[in-house]
Peer 1: 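Handing you this structure, nothing more for now.
No hydrogens, no waters, no symmetry mates; every other heavy atom, side chains included, goes into these values. Computed from a prediction, not measured in an experiment: that's the story for all the values here. All residue numbers refer to positions in the sequence shown, counting from 1.
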Amino acid sequence: MGAQQVADRFAELYGARPQGVWAAPGRVNLIGEHTDYNDGFVMPFALPHQAVAAVSRRTDGVLRLHSADIGDGVTELRLDDLAPGGDHDWTAYPAGVVWALREAGHEITGADVHLASTVPTGAGLSSSAALEVVIALALNDLYGLGLKRWRLARLCQRAENVYVGAPTGIMDQTASACCEAGHALFLDTRDLSQRQIPFDLAAEGLRLLVVDTQVKHAHSGGEYGKRRAGCEKGAALLGVDALRDIPYDGLDAALARLGDEADVVPLVRHVVTENERVERTVALLRAGDPRAIGPVLTEGHASLRDDFRISCPELDLVVDTALAGGALGARMTGGGFGGSAIVLAEEADVETLTKSVEAAFAAAGFTAPRVFEAVPSAGARRLV
């Protein structure tokens, strides 16, 4: 999606050239699922797929929004009318960011916005975070707010949690705002400390495939919230601020203390073991052994499937088919209940594995999946 194309469409809609064009990417989470709202560790990287926004300031308290991907006309909102729960379509994401900035005391007086995105929606690749971050970055620049990237991510998370009503953690917005090309982002979601870990699979003869199952999911749905509430219950029962505080070598003792809390035990087990998998993956990559992360990814899928119970037949079919075809590792990625899986494979095996997955979906009567290579790409930035 070219910046010039988006700028030209903005001019057609609003009768003037935009003051700038910005982009923010979707993300793939390599490892560390449902750990972010438990103050744990995550390891996402940015995709080349991105949301692009042409934006100009206004001074009359009006926000005008248009999306090339929806087909509707321009939506006009008054800033003073913005309130959580008031928007029920895609406009809630950019409007929520404006609301969060104003709630934080920043004087935003309006904007004209035209958006276009190549991030697949409902695929677990953070299309909503890309939309939020591109708006936040544009307004940060246009209004000279001087906010750091991590602060923008926090405000975008607040927009999604409070304004949209989706109980997501901080990972997606931080990945979109802060990732660097050729790296995965090792993020501690408690203190937001970051380390960029080199992640150049092509140099090692490897590829990471994303398989979008075409099964849509929504974070604002009830099941995601139930998992989060269960984790918070587990932390309360164990007397800790968050499940991050349960050490891996103390897991058995912690589970024993939970006794017959059958709804909580598997959730706690997943979060604690998943944090350890993130740390193990970081160590393997820093040691220059990317092939060895394959089994770690597969362990993560088993935990998400069996303990967190957020997989689905399509995701399991991707993982099982890929592993049977010689993949080094595979797991679902994202919030679950649909979305995408990732497959780590030797470069020479990519075509065969892709065909095997497509054939398995056809045989099962599932909608054909979308398969593409995930290339670690740049985070949010100004294009024009």
Peer 1: If you apply the rule side chain to side chain donor-acceptor pair (under 3.5 Å), what do you find for Thr281 with Arg277, and how did you get there?
Peer 2: CA-CA 6 Å; Thr281 298; Arg277 281 186 285 272; over 6 Å; no

Peer 1: For the residue pair Leu30 and Leu285, establish whether any side-chain heavy-atom pair is separated by less than 4.5 Å.
Peer 2: yes

Peer 1: Run the ring-ring contact (aromatic ring centres under 6.0 Å, His included) test against Tyr37 and tell me which residues pass, sequence neighbours left out.
Peer 2: His34, Tyr224

Peer 1: Any carboxylate oxygen within less than 4.0 angstrom of a Lys/Arg side-chain nitrogen, looking at Asp80 and Arg78?
Peer 2: no

Peer 1: Pairs under 3.5 angstrom only: tabulate donor-acceptor contacts from the side chains of residues 357-384 to other protein residues two or more places apart or in another chain.
Peer 2:
unit_1, atom_1, unit_2, atom_2, d
Glu373, OE2, Arg207, NE, 3.3
Ser377, OG, Val375, O, 2.7
Arg381, NH1, Gln50, OE1, 3.4
Arg381, NH1, Gly379, O, 3.1
Arg381, NH2, Gln50, OE1, 3.1
Arg382, NE, Val384, O, 3.0
Arg382, NH2, Gln19, O, 2.8

Peer 1: Just jot down the ring-ring contact (aromatic ring centres under 6.0 Å, His included) partners of Trp99, sequence neighbours excluded, or say none.
Peer 2: Tyr163

Peer 1: Check whether Gln157 reaches the backbone of Thr174 with its side chain - one donor and one acceptor, N or O, closer than 3.5 Å.
Peer 2: no

Peer 1: Would you say the side-chain atoms of Ser176 pair up with the backbone N or O of Gly26, donor to acceptor, closer than 3.5 Å?
Peer 2: no

Peer 1: Given the rule in the side chain to side chain donor-acceptor pair (under 3.5 Å) test, do Ser117 and Asp69 qualify, once you have shown the distances and angles that lead to the verdict?
Peer 2: CA-CA 7 Å; Ser117 179; Asp69 309 306; 5.0 Å; no

Peer 1: With sequence neighbours left out, which residue pairs that include part of residues 240-249 fulfil the side chain to side chain donor-acceptor pair (under 3.5 Å) condition?
Peer 2: Asp188-Arg244, Arg190-Asp245

Peer 1: Between Thr333 (side chain only) and Ala341 (backbone N and O only), is there a donor and an acceptor less than 3.5 Å apart?
Peer 2: no

Peer 1: Count the heavy atoms of every other residue, nucleotide or ligand shown that sit under 6.0 Å from CD of Glu12, and state whether that count exceeds 12.
Peer 2: yes

Peer 1: Taking the side chain as everything from C-beta on, heavy atoms only, tell me whether Thr35 gets closer than 4.5 Å to Thr189.
Peer 2: no

Peer 1: Linking I/L/V/M/F/W/Y whenever their side-chain heavy atoms sit closer than 4.5 Å, directly or via other members, would Leu328 and Val343 fall into one cluster?
Peer 2: no

Peer 1: Please assess Leu137 against Arg149 for the test side-chain contact (heavy atoms from CB on, under 4.5 Å), listing each intermediate value before the final yes or no.
Peer 2: CA-CA 8 Å; Leu137 184 60; Arg149 294 297 184 95; 3.9 Å; yes

Peer 1: Determine yes or no for a side-chain-to-main-chain donor-acceptor pair under 3.5 angstrom, with Asn38 supplying the side chain and Gly40 the backbone.
Peer 2: no

Peer 1: Out of curiosity, does Leu297 fall in the hydrophobic cluster containing Val350 (side-chain heavy atoms, cut-off under 4.5 Å, transitive links)?
Peer 2: no

Peer 1: Check for a donor-acceptor pair, side chain of Lys216 on one end and backbone N or O of Gly338 on the other, with a separation under 3.5 Å.
Peer 2: no

Peer 1: May I ask you to test the Cys231-Leu267 pair for a side-chain heavy-atom distance under 4.5 Å?
Peer 2: yes

Peer 1: Evaluate the criterion side-chain contact (heavy atoms from CB on, under 4.5 Å) for residue pair Arg305 and Arg331; output intermediate values, then yes/no.
Peer 2: CA-CA 9 Å; Arg305 180 193 65 211; Arg331 76 171 190 92; over 6 Å; no

Peer 1: Hey, quick one: are Leu344 and Leu323 part of the same hydrophobic cluster, counting side-chain heavy atoms closer than 4.5 Å, chains of contacts allowed?
Peer 2: no

Peer 1: Run the ring-ring contact (aromatic ring centres under 6.0 Å, His included) test against His66 and tell me which residues pass, sequence neighbours left out.
Peer 2: His114

Peer 1: Not counting sequence neighbours, which residues clear side-chain contact (heavy atoms from CB on, under 4.5 Å) with Ala175? List them please.
Peer 2: Arg27, Pro44, Cys179

Peer 1: Would you sort out whether His270 and Ser303 count as a side chain to side chain donor-acceptor pair (under 3.5 Å), showing the intermediate values?
Peer 2: CA-CA 6 Å; His270 166 74; Ser303 183; 2.7 Å; yes

Peer 1: Could you see if Trp22 belongs to whatever hydrophobic cluster contains Trp90? Use Ile, Leu, Val, Met, Phe, Trp, Tyr and a side-chain cutoff under 4.5 Å.
Peer 2: yes

Peer 1: Does any part of the side chain of Pro94, heavy atoms only, come nearer than 4.5 Å to the side chain of Leu131, both counted from C-beta?
Peer 2: yes

Peer 1: Report yes or no: does Arg309 contribute a side-chain atom to a donor-acceptor pair with the main-chain N or O of Asp307 at less than 3.5 Å?
Peer 2: yes

Peer 1: Between Gln173 (side chain) and Ala129 (backbone), is there a donor-acceptor pair under 3.5 Å?
Peer 2: no

Peer 1: To the nearest 0.5 Å, what is the distance between CG on Leu82 and CD1 on Ile108?
Peer 2: 11.5 Å

Peer 1: Check whether Arg228 reaches the backbone of Pro167 with its side chain - one donor and one acceptor, N or O, closer than 3.5 Å.
Peer 2: yes

Peer 1: Measuring from atom CD of Glu279 to atom CD of Glu274, what distance do you get when rounded to the nearest 0.5 angstrom?
Peer 2: 11.5 Å

Peer 1: Side-chain contact, heavy-atom cut-off 4.5 Å: Thr168 with Asn161?
Peer 2: yes

Peer 1: Taking only Lys NZ, Arg NE, NH1 and NH2, and the carboxylate oxygens of Asp or Glu, determine whether Asp112 and Arg57 approach each other closer than 4.0 Å.
Peer 2: no

Peer 1: Is there side-chain contact between Tyr14 and Ser56, with heavy atoms separated by less than 4.5 Å?
Peer 2: no

Peer 1: Using atom types as modelled and distance alone, determine if a side-chain donor or acceptor of Asp36 lies under 3.5 Å from a backbone N or O of Met171.
Peer 2: yes

Peer 1: Quick one, Leu125 and Val28 - any side-chain contact, counting heavy atoms below 4.5 Å?
Peer 2: yes

Peer 1: Can you list the steps and then say if Phe337 with Arg227 is a side-chain contact (heavy atoms from CB on, under 4.5 Å)?
Peer 2: CA-CA 12 Å; Phe337 312 105; Arg227 300 306 186 278; 3.8 Å; yes

Peer 1: Do Leu187 and Phe41 sit in one hydrophobic cluster, given that two such residues count as connected whenever their side-chain heavy atoms are within less than 4.5 Å of each other, even indirectly?
Peer 2: no

Peer 1: Using a distance-only test with no angle check, is there a side-chain donor-acceptor pair under 3.5 angstrom linking Gln4 and Asp8?
Peer 2: yes

Peer 1: Please give me the minimum heavy-atom distance between Leu155 and Ala104, naming the atom from each residue.
Peer 2: CD2-CB, 3.9 Å

Peer 1: Would you say that Ile197 contacts Arg286 through its side chain, given a criterion of any heavy-atom pair below 4.5 Å between the two side chains?
Peer 2: yes

Peer 1: Would His183 and Phe45 count as a side-chain contact (heavy atoms from CB on, under 4.5 Å) if you check the C-alpha gap in whole Å, the side-chain angles of each, and the deciding distance to 0.1 Å?
Peer 2: CA-CA 7 Å; His183 293 75; Phe45 63 88; over 6 Å; no

